[in-house]
**Student:** 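Have a look at this one before I ask anything.
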Protein chains: 2
Amino acid sequence: MITDQLKNHILSFAAPTEKEINDFLNNFEFLAIKNKEFLLKEGQYCKHQYFILKGCFRCFFINHKGAEKVVNFGIENWWLSDFESLINQTPSLLNIQAAENSKVLKISKEKLDAFLEDSLELNRYFRIILEKVRVADQRRIQFMYNLSGEELYNTFREYNPSFVQRVPQYMLASYLGFTPEFLSKIRAKKKP
Amino acid sequence: MITDQLKNHILSFAAPTEKEINDFLNNFEFLAIKNKEFLLKEGQYCKHQYFILKGCFRCFFINHKGAEKVVNFGIENWWLSDFESLINQTPSLLNIQAAENSKVLKISKEKLDAFLEDSLELNRYFRIILEKVRVADQRRIQFMYNLSGEELYNTFREYNPSFVQRVPQYMLASYLGFTPEFLSKIRAKKKP
DNA sequence: TTCACTTCTTAATCTAGATTAATTTTTTCT
DNA sequence: AGAAAAAATTAATCTAGATTAAGAAGTGAA
């Protein structure tokens, strides 16, 4: 089943009954997304949550100088959405674009909310996911203003060795908060 | 009741029964914390969650240059803990210190976990809280590397006008990611 | 197998914000 | 109230990283 991957992910954090989880999984739609296609564009209302089965996405916004700023990446077994737009029902400030050919499962906010209304186990699942996200966000904020650009890059490499090859360097530079030129400089320094 | 404030907070996001919520509230301990006292020190294991009834706290760590870096503030009706230490059972990298004379409610991780085992409504409550935290963290990350120091300060002021007076400027500068000297410069520029 | 496009690199110059250090103002404590 | 400590200001100097610009190297489609 195409939804098995999500099923396993849920079961690794919570314990819904077989019926409950199958009912839930029935509400997802499968999508194949080509590299550079958008799941969400700035200005749109985010109405879905996406679970990444395969591939890679980046969330970015256009800053006041017109430059793309990467806020997040998403890879296999991550949930993706613009939470701010989704929860507050406001136009999104973010773009979500595939960085590889990808496969996702999609569910509407209404359907998800309906399940969250009654299900202890799904509330547990998302609570635990969000706790982990919180830990990651906190650590990221801590890194962001404790470390120099060079240290940021080295730390990121250390924690995510395989990911560094996965996206163009200019995206990684943007995510880490500096320019591609500066990343080049760092990399040139390390070689000899 | 000293726990009424927390009760109201929970009831504004979830709908536990009267018995359920009262059972839960029975597990909290009230603490009065004097300005500059610590709730948690670097190296300790964080074993509690705190709900702030009144007052203000800062979470900070000591960076590799020996400087205090403020990661977060907490005020009335916020939950406080080092999530990373609490969840992963690792020694904390953070200090949590009162920035005012404060009042908190305290619950141990074990007791909280026991309630989360069975309660749909408490899982809902914390899931919703964490969604809001996520939105705030995302926005903060976005601000952090889209805005200049001056813009950061002005934006923070705009969103939190009353808070700016509440903590020393050196803490605010640290939270915003720059030095107190630079904050002085920004403020001097605005006056005339 | 070439044309077009995207990504990466290098180097010169520039700037926001850090650092240092001295001075003033505010707060706290007895 | 007065001394001591904590916090804020000011100014001079310094630096990590931005900006600009140009070329090199990959990548891909026809």
Side-chain angles (χ1 to χ4, degrees), chain A residues 34-38 56 58 60 62-70 73 95 97-101 143-157 163-192, chain B residues 34-38 55-56 58 60 62-70 73 95 97-102 143-157 163-192:
Chain A
K34 291 229 177 78
N35 189 12
K36 308 216 169 158
E37 272 184 57
F38 285 81
C56 180
R58 63 169 178 150
F60 68 95
I62 310 291
N63 78 357
H64 46 11
K65 287 175 196 156
E68 293 181 357
K69 290 282 182 177
V70 176
F73 291 109
N95 301 277
Q97 186 188 29
E100 295 174 1
N101 295 332
F143 281 160
M144 269 176 84
Y145 57 123
N146 188 28
L147 302 183
S148 68
E150 187 167 355
E151 290 168 324
L152 266 181
Y153 175 69
N154 291 331
T155 306
F156 185 85
R157 274 201 120 197
F163 188 76
V164 175
Q165 275 86 270
R166 220 167 147 175
V167 295
Q169 278 177 44
Y170 73 91
M171 286 187 196
L172 192 54
S174 174
Y175 174 78
L176 294 173
F178 45 74
T179 58
E181 291 85 356
F182 184 63
L183 180 51
S184 255
K185 210 152 93 180
I186 292 171
R187 287 163 52 88
K189 219 194 297 191
K190 293 208 78 175
K191 267 180 216 150
Chain B
K34 289 229 178 79
N35 189 12
K36 310 215 169 161
E37 272 185 57
F38 285 81
C56 179
R58 64 169 179 151
F60 69 96
I62 310 292
N63 78 357
H64 46 12
K65 289 176 195 155
E68 292 180 358
K69 290 283 182 178
V70 176
F73 291 109
N95 301 276
Q97 186 187 30
E100 295 175 0
N101 295 332
S102 303
F143 282 159
M144 268 176 84
Y145 57 123
N146 188 27
L147 303 184
S148 68
E150 186 167 355
E151 290 168 323
L152 265 180
Y153 174 68
N154 291 330
T155 306
F156 185 85
R157 273 202 121 196
F163 188 75
V164 176
Q165 274 87 271
R166 222 168 143 173
V167 295
Q169 279 178 44
Y170 74 90
M171 286 188 195
L172 192 54
S174 174
Y175 174 77
L176 294 173
F178 45 74
T179 58
E181 292 84 354
F182 184 62
L183 180 50
S184 255
K185 211 151 92 180
I186 292 170
R187 287 163 52 86
K189 220 197 292 193
K190 295 207 78 177
K191 268 180 213 152

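Just so we're on the same page: letters track the sequence lines, and every chain starts at 1.
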**Student:** Distances under 3.5 Å between protein N/O atoms and the N/O atoms of nucleotides 26-30 of chain D, please, pair by pair.
**Tutor:**
none

**Student:** Identify all side-chain donor-acceptor contacts of residues 62-69 of chain B below 3.5 Å with residues at least two apart in sequence or on another chain.
**Tutor:**
from, atom 1, to, atom 2, distance (Å)
B/N63, OD1, B/K65, N, 2.9
B/N63, OD1, B/G66, N, 3.1
B/N63, OD1, B/A67, N, 2.9
B/N63, ND2, A/N146, OD1, 3.4
B/H64, NE2, A/E151, OE2, 3.4
B/E68, OE1, B/R58, NH1, 2.9
B/E68, OE1, B/R58, NH2, 3.2

**Student:** To check you understand the geometry: which heavy-atom pair defines the closest contact between B/A98 and B/N35, and what is its length?
**Tutor:** O-OD1, 3.3 Å

**Student:** Taking the nucleotide of DNA chain C with the closest heavy atom to each, which residue, B/L147 or A/Y170, is nearer the 5' end?
**Tutor:** A/Y170

**Student:** Who pairs with B/E181 by side-chain contact (heavy atoms from CB on, under 4.5 Å), at least two apart in sequence or on another chain?
**Tutor:** B/T179

**Student:** Given atom CD of A/E150 and atom P of D/dT15, what is their separation to the nearest angstrom?
**Tutor:** 16 Å

**Student:** Looking only at side-chain N and O atoms, does B/K65 come under 4.0 Å of OP1 or OP2 in C/dT19?
**Tutor:** yes

**Student:** With a 4.0 Å heavy-atom cut-off, tell me which residues in residues 171-182 of chain A come close to DNA chain C, sorted by residue number.
**Tutor:** A/E181

**Student:** C/dC29 C1' sits how many Å from B/N35 CG, rounded?
**Tutor:** 14 Å

**Student:** Among D/dA6, C/dT10, D/dT19, which nucleotide has an atom closest to any side-chain atom of B/K36?
**Tutor:** D/dA6

**Student:** Could you work out, with side-chain contact (heavy atoms from CB on, under 4.5 Å) as the rule, every residue matching A/K36, not counting sequence neighbours?
**Tutor:** A/Q97

**Student:** What does the inter-axis angle of the helix from C/dT1-D/dA30 to C/dT30-D/dA1 come out as, five pairs per end, nearest 10 degrees?
**Tutor:** 60°

**Student:** Distance check needed: D/dA16 C1' versus A/N154 CG, whole Å only.
**Tutor:** 15 Å

**Student:** Any side-chain hydrogen bond (donor to acceptor under 3.5 Å, both in side chains) involving residues 167-177 of chain B? Give me the pairs, sequence neighbours left out, ordered by first then second residue.
**Tutor:** B/Q169-B/R187

**Student:** Side chains of B/V167 and B/F163: does their closest heavy-atom pair fall under 4.5 Å?
**Tutor:** yes

**Student:** What is the separation between atom NZ on B/K185 and atom P on D/dT13, rounded to the nearest whole Å?
**Tutor:** 13 Å

**Student:** With sequence neighbours excluded, what pairs up with B/T155 under the side-chain contact (heavy atoms from CB on, under 4.5 Å) test?
**Tutor:** B/F143, B/L147, B/Y159

**Student:** Could you give the distance from CG (A/L176) to CG (A/N154), rounded to the nearest 0.5 Å?
**Tutor:** 10.0 Å

**Student:** Figure out the CD1/C1' separation between B/I186 and C/dA18, and round it to whole Å.
**Tutor:** 13 Å

**Student:** Just compare C/dA18, D/dT9, C/dT10 and give me whichever is closest to any side-chain atom of A/S184.
**Tutor:** C/dT10

**Student:** Using the test side chain to side chain donor-acceptor pair (under 3.5 Å), find all partners of A/E100 that sit at least two apart in sequence or belong to another chain.
**Tutor:** A/R166

**Student:** Provide, to the nearest angstrom, the distance between the CE atom belonging to A/M144 and the C1' atom belonging to D/dG17.
**Tutor:** 15 Å

**Student:** Specify the separation, in whole Å, of atom CG of B/L183 and atom C1' of D/dA7.
**Tutor:** 12 Å

**Student:** Check this for me: does any side-chain nitrogen of one of B/E150 and B/K189 sit under 4.0 Å from a carboxylate oxygen of the other?
**Tutor:** yes

**Student:** How close do B/G55 and B/S102 get, heavy atom to heavy atom, and via which atoms?
**Tutor:** CA-OG, 3.3 Å

**Student:** Once you round it to whole Å, what is the distance between P of D/dT10 and CD of B/Q169?
**Tutor:** 11 Å

**Student:** Using the test ring-ring contact (aromatic ring centres under 6.0 Å, His included), find all partners of A/F38 that sit at least two apart in sequence or belong to another chain.
**Tutor:** none

